[in-house]
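Below is one structure; the comments refer to it alone.
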Amino acid sequence: MKLSNLTLFLFILLSFYDVQSDEVIFNDAKSDLELESPYIDVIYDKDKVSEICPKYSIGCYLSKDGGYILISDEIPSNHHDVVLYGLYSDYLQHNNSGLINDVLTCDLKVNYLNENQKHELARLYSGQCDSLFRNKVIVMN
C-alpha cells in the first residue's frame, strides 16, 4: 500500500514539474519580444473565463485595471505554458503599442514550444496558425 501511495505522489509531483512558473514564462515572453512592461497577475478561474473571455477560449488578457490574465484552472498541463506565454505576448504587445498582432503571437508560441523541445505540440500549434491565416490574400502595392 505504501509503495502505491508513494508512486501516486511521485506521479503527481512529476506532472507539475514540466509546468514553469508564471513569472518565468512572463520573462521568456519579454525577452523574445524585447519589450518591457510590469508583471501582471494571472487569475485561474474557469467560470470567469467562460463569463468574460471570448466563447470557447481557455483564457484571455484584459487591459482594464492595469491589466491581468484570466485562464481556466482546468487547462491541460501540457498546454499551460504555451497558452500563458501567448497571453503574456498579447499583453506585452498591447501595453507597448496599443495593438496585438495575432500572427506574431501565433509564431512566437510555435517558436517557444520548439525551443522547449515540445516539437509535437509545436506542429499542432503551427497547424492552428496556418488554418487561422490560410486563404488570406495579402496585397502589396
Side-chain angles (χ1 to χ4, degrees), residues 2-141:
K2 286 184 180 183
L3 183 60
S4 65
N5 286 343
L6 179 61
T7 304
L8 179 61
F9 173 74
L10 288 173
F11 176 76
I12 292 170
L13 184 65
L14 291 174
S15 69
F16 291 107
Y17 180 76
D18 205 27
V19 176
Q20 296 185 39
S21 78
D22 295 355
E23 285 193 57
V24 169
I25 296 168
F26 175 69
N27 288 329
D28 287 345
K30 275 180 31 175
S31 175
D32 291 346
L33 283 164
E34 298 179 353
L35 295 173
E36 284 297 324
S37 291
Y39 179 78
I40 58 172
D41 289 328
V42 178
I43 299 168
Y44 291 88
D45 187 325
K46 73 177 177 77
D47 294 329
K48 285 186 180 180
V49 168
S50 63
E51 178 185 321
I52 297 171
C53 297
K55 196 171 188 173
Y56 305 116
S57 66
I58 199 155
C60 58
Y61 156 66
L62 297 138
S63 61
K64 68 178 187 175
D65 300 327
Y68 62 95
I69 289 174
L70 196 54
I71 195 166
S72 174
D73 49 4
E74 293 183 350
I75 187 169
S77 62
N78 62 330
H79 289 270
H80 171 271
D81 293 358
V82 69
V83 169
L84 187 56
Y85 176 89
L87 294 171
Y88 278 135
S89 297
D90 289 348
Y91 156 66
L92 289 162
Q93 292 174 60
H94 184 262
N95 197 53
N96 281 271
S97 70
L99 303 172
I100 297 172
N101 181 336
D102 294 329
V103 177
L104 175 61
T105 298
C106 215
D107 289 340
L108 285 167
K109 290 192 297 187
V110 171
N111 291 340
Y112 176 79
L113 287 166
N114 279 320
E115 288 171 6
N116 286 281
Q117 309 303 312
K118 296 182 180 183
H119 302 295
E120 276 189 45
L121 208 51
R123 283 191 290 278
L124 173 69
Y125 277 78
S126 180
Q128 288 176 342
C129 293
D130 290 345
S131 68
L132 285 173
F133 305 108
R134 185 181 303 134
N135 299 325
K136 304 286 190 236
V137 178
I138 299 174
V139 178
M140 297 178 66
N141 290 328

Item to check | Residues which pass side chain to side chain contact (heavy atoms under 4.5 Å, CB included) with Asn27, listed by chain and number, not counting sequence neighbours | outcome: Lys30
Checklist entry - Hey, mind stepping through Asn111 and Asp32 against side chain to side chain contact (heavy atoms under 4.5 Å, CB included) and telling me if it holds? => result CA-CA 10 Å; Asn111 291 340; Asp32 291 346; over 6 Å; no
Checklist outcome for this item: So CG of Leu87 and CG of Leu92: to nearest 0.5 Å the spacing works out to 11.0 Å
Next on the checklist: Among residues at least two apart in sequence or on other chains, which ones pass ring-ring contact (aromatic ring centres under 6.0 Å, His included) with Phe26?
Outcome noted: Tyr39, Tyr88
Checklist entry - What pairs with Ser126 under side chain to side chain contact (heavy atoms under 4.5 Å, CB included), at least two apart in sequence or on another chain? => result Val110, Asp130
Next on the checklist: Run the side chain to side chain contact (heavy atoms under 4.5 Å, CB included) test on Ile58 and Val49 for me, step by step, so that the C-alpha distance in whole Å, both residues' side-chain angles and the decisive distance to 0.1 Å come before the verdict.
Outcome noted: CA-CA 7 Å; Ile58 199 155; Val49 168; 5.7 Å; no
Checklist entry - Can you check whether Gln128's main-chain N or O pairs, donor with acceptor, with Ser131's side chain at less than 3.5 Å? => result yes
Next on the checklist: Quick one about Tyr85 and Asn116 (side-chain donor to acceptor, distance below 3.5 Å, no hydrogens or angles considered), yes or no?
Outcome noted: no
Item to check | Heavy-atom donor-acceptor pair, Asp73 side chain to Asp45 backbone, under 3.5 Å | outcome: no
Item to check | Atom pair CG/OH of Leu84 and Tyr112 - distance to nearest 0.5 Å | outcome: 8.0 Å
Next on the checklist: If the condition is side chain to side chain contact (heavy atoms under 4.5 Å, CB included), which residues does Gln117 pass it with, not counting sequence neighbours?
Outcome noted: His119
Item to check | Sub-4.5 Å side-chain heavy-atom contact between Leu35 and Ser97 | outcome: no
Checklist entry - Which pair of heavy atoms, one from Lys109 and one from Gly86, lies closest together, and at what distance? => result CD-CA, 3.7 Å
Checklist entry - Can you list the residues that meet the side-chain hydrogen bond (donor to acceptor under 3.5 Å, both in side chains) rule with Tyr125, with sequence neighbours excluded? => result His79
Checklist entry - Can you tell me how far CG of Leu113 sits from CG of Leu121, rounded to the nearest 0.5 angstrom? => result 5.0 Å
Item to check | Which residues share a side chain to side chain contact (heavy atoms under 4.5 Å, CB included) with Ser63, sequence neighbours left out | outcome: Tyr61, His94
Checklist entry - What's the spacing between Glu34 CD and Asn96 CG if we round to 0.5 Å? => result 11.5 Å
Checklist outcome for this item: Here the disulfide bond (SG atoms under 2.5 Å apart) pairs for residues 87-124, sequence neighbours left out, are Cys106-Cys129
Checklist outcome for this item: One should read off an interatomic distance between Ile69 CD1 and Ile40 CD1, to the nearest 0.5 angstrom, of 4.0 Å
Checklist outcome for this item: Sequence neighbours excluded, the answer for ring-ring contact (aromatic ring centres under 6.0 Å, His included) partners of Tyr68 is none
Next on the checklist: With heavy-atom distances below 4.5 Å as the criterion, would you say the side chains of Leu104 and Ser89 are in contact?
Outcome noted: no
Checklist outcome for this item: Residues at least two apart in sequence or cross-chain that pass side-chain hydrogen bond (donor to acceptor under 3.5 Å, both in side chains) with Asp107, listed by chain then number, are none
Checklist outcome for this item: Between the CD1 atom in Ile71 and the CD1 atom in Ile43, the distance rounded to the nearest 0.5 Å is 11.5 Å
Next on the checklist: As a quick check of understanding, evaluate side chain to side chain contact (heavy atoms under 4.5 Å, CB included) for Asn78 and Lys118, giving each step before the final call.
Outcome noted: CA-CA 9 Å; Asn78 62 330; Lys118 296 182 180 183; over 6 Å; no
Checklist outcome for this item: Thr105 meets the side-chain hydrogen bond (donor to acceptor under 3.5 Å, both in side chains) criterion, sequence neighbours left out, with Asp90, Gln93
Checklist entry - Which residue pairs pass the disulfide bond (SG atoms under 2.5 Å apart) test when at least one of the two sits in residues 58-87, sequence neighbours left out? => result Cys53-Cys60
